Amino acid sequence: MEWYISLTLVMGSFLSLVVIGVPIVFALFSVTIVSSYFLMGGASGVELLIDSIYNSLTVFVLLPITLFILMGEVMFRSGIAMQMIDTIDQWMGRLPGRMSLLAVASGAVLATLSGASIGSTAMLGSTLAPSMEKRGYRKPMILGPILGSGGLAIMIPPSGLGVILAVLANVSVGKLLIAIIIPGILMALMYSAYIVSRCTLDPSLAPSYEVKRTPVKLRLLLTFKYVVPLSFLIFLVTGMIFVGVATPTEAAALGAAGAFVVAFCYQGLSRKVTAGTLENTLRISVMVLVILAASQSFSQILAFTGATRVLVAWASSLPVPPIVVIIAMQAVVFVLGGFINGVPLMMITLPIFMPVVTALHYDPIWFCVIMLINVETAQLTPPFGILLFVMKGVASPDTTMMQIIGAAMPFIIMNIVAMGLLMLFPAIALYLPSLM
């Protein structure tokens, strides 16, 4: 059977199942099992597929995913994350758009502790948004910063989605986690500059209010109590990877163990917190591993049909500069992202994209950083960006979906600008990994 017929049947069957409402993971498994039976020699093909899935899941590199999830769960359930955010609030002063800036800072903090954009958006939307409305903040300065900062969770290590992307793309987990640090900080600075400049030009968006003055001595004490220990915890993860003392798996284990120690020292570790943490970690980890298994099986079918090899050869021979091919790939991700969530989007595109990136002699780490920003942007993109619906669920009842989309647009544009800067200046992503 010709490769294009096999590819059409595989992709057509997969898309048909998705359209009728079958979850993407089960759609992938169904298509790959049937395809392996008919394309790879009946029962022996299915057995080969099972062996491939088993080998893809029983690898050491997947352990950081579970350990990062465990670390974030401990921080959230013990209440330590919110204490750190309250401390940062003490240092905000009277800056224009003070609470919007707090949303960005809080998103960055939550990013270093969990790497879960949905959880960060839900938490910030339910805790900060009501206070911002009471102080007269307009919708663009309430919804936009929370949506944008929630997306920062996947751009600052430890990033669970970053680990999944590295595994799917078959690149170094440690290098990718270090590579996203500068782009993540750059995006946070862009968000902050936008908020301050817009609130300065139009003060009605974020009216000033009386801020209770906190003595500097007390602020320093709170910082030493809540920020410094957690900064050390963050160093256990990213610092150990950067200096080469620990692998990503070892650093994740140190971070998870350190999270339990910190929670115990702050008297936030109880039997209920521990049980809830372990249960939720197990549930999320199983879900992630099933997703990775489905992606691995789908990649194998694509490779067996010969479609991957032909598409790589076709893309390499196009009479256009190679960067145009990269831009076209990101355009596909951006469009599909309005309909498909982050992990399924990567599962569908990466098996086709990564061989092309390698054939065009681009650095796969650089491409993955751009891809990660694009996936984050996809979660903000209408009509089906998941963070838009999360924000709708936690916002006040009078908030319309059009207001949420309008507030998200400036942050979508800033993310696109960040992607453009990475394409123009690859060192933004590659400088830190080069020092490892």
Side-chain angles (χ1 to χ4, degrees), residues 56-81 84 108-120 152-181 184 229-266 268-269 273-293 295-296 342-343 346 368 372 436:
S56 68
L57 295 182
T58 55
V59 291
F60 204 56
V61 74
L62 293 180
L63 276 179
I65 297 175
T66 297
L67 293 170
F68 285 154
I69 295 170
L70 179 62
M71 175 181 167
E73 286 291 321
V74 173
M75 292 291 98
F76 281 127
R77 291 178 180 270
S78 63
I80 298 174
M84 189 175 182
V109 169
L110 296 177
T112 61
L113 296 178
S114 72
S117 57
I118 293 177
S120 297
L152 282 176
I154 65 175
M155 285 306 299
I156 298 179
S159 169
L161 196 62
V163 176
I164 295 173
L165 174 59
V167 173
L168 292 175
N170 196 27
V171 300
S172 167
V173 174
K175 286 188 175 182
L176 182 59
L177 290 179
I178 296 301
I180 63 178
I181 292 176
L230 293 182
S231 300
F232 175 72
L233 186 61
I234 295 168
F235 173 77
L236 282 178
V237 178
T238 56
M240 292 296 186
I241 296 174
F242 180 75
V243 299
V245 174
T247 65
T249 301
E250 294 165 344
L254 285 172
F260 275 100
V261 172
V262 171
F264 177 78
C265 292
Y266 283 85
L269 195 63
V273 168
T274 303
T277 294
L278 296 176
E279 180 183 351
N280 210 41
T281 299
L282 179 61
R283 182 183 296 112
I284 297 173
S285 298
V286 170
M287 177 189 69
V288 171
L289 291 176
V290 169
I291 288 171
L292 291 176
S295 177
Q296 172 65 25
V343 175
M346 295 190 303
C368 286
L372 202 56
M436 293 176 65

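Here the structure is a predicted model, which means the values were calculated and not measured. Computed over heavy atoms, backbone and side chain alike; hydrogens, waters and symmetry mates excluded.
- The nearest pair of heavy atoms linking I180 to L177 is CG1-O, 3.2 Å.
- Expressed to the nearest 0.5 Å, how far CE of M155 lies from CD1 of I181 amounts to 10.5 Å.
- Contact record, V245 with E250: O-OE1, 4.2 Å, taken as the closest heavy-atom pair.
- Of all heavy-atom pairs between L176 and C368, the closest is CD1-CB, 3.8 Å.
- Between V273 and V74, every side-chain heavy-atom pair lies at or beyond the 4.5 Å cut-off.
- Pairing each heavy atom of A256 with each of L67, the nearest pair is CB-O, 3.9 Å.
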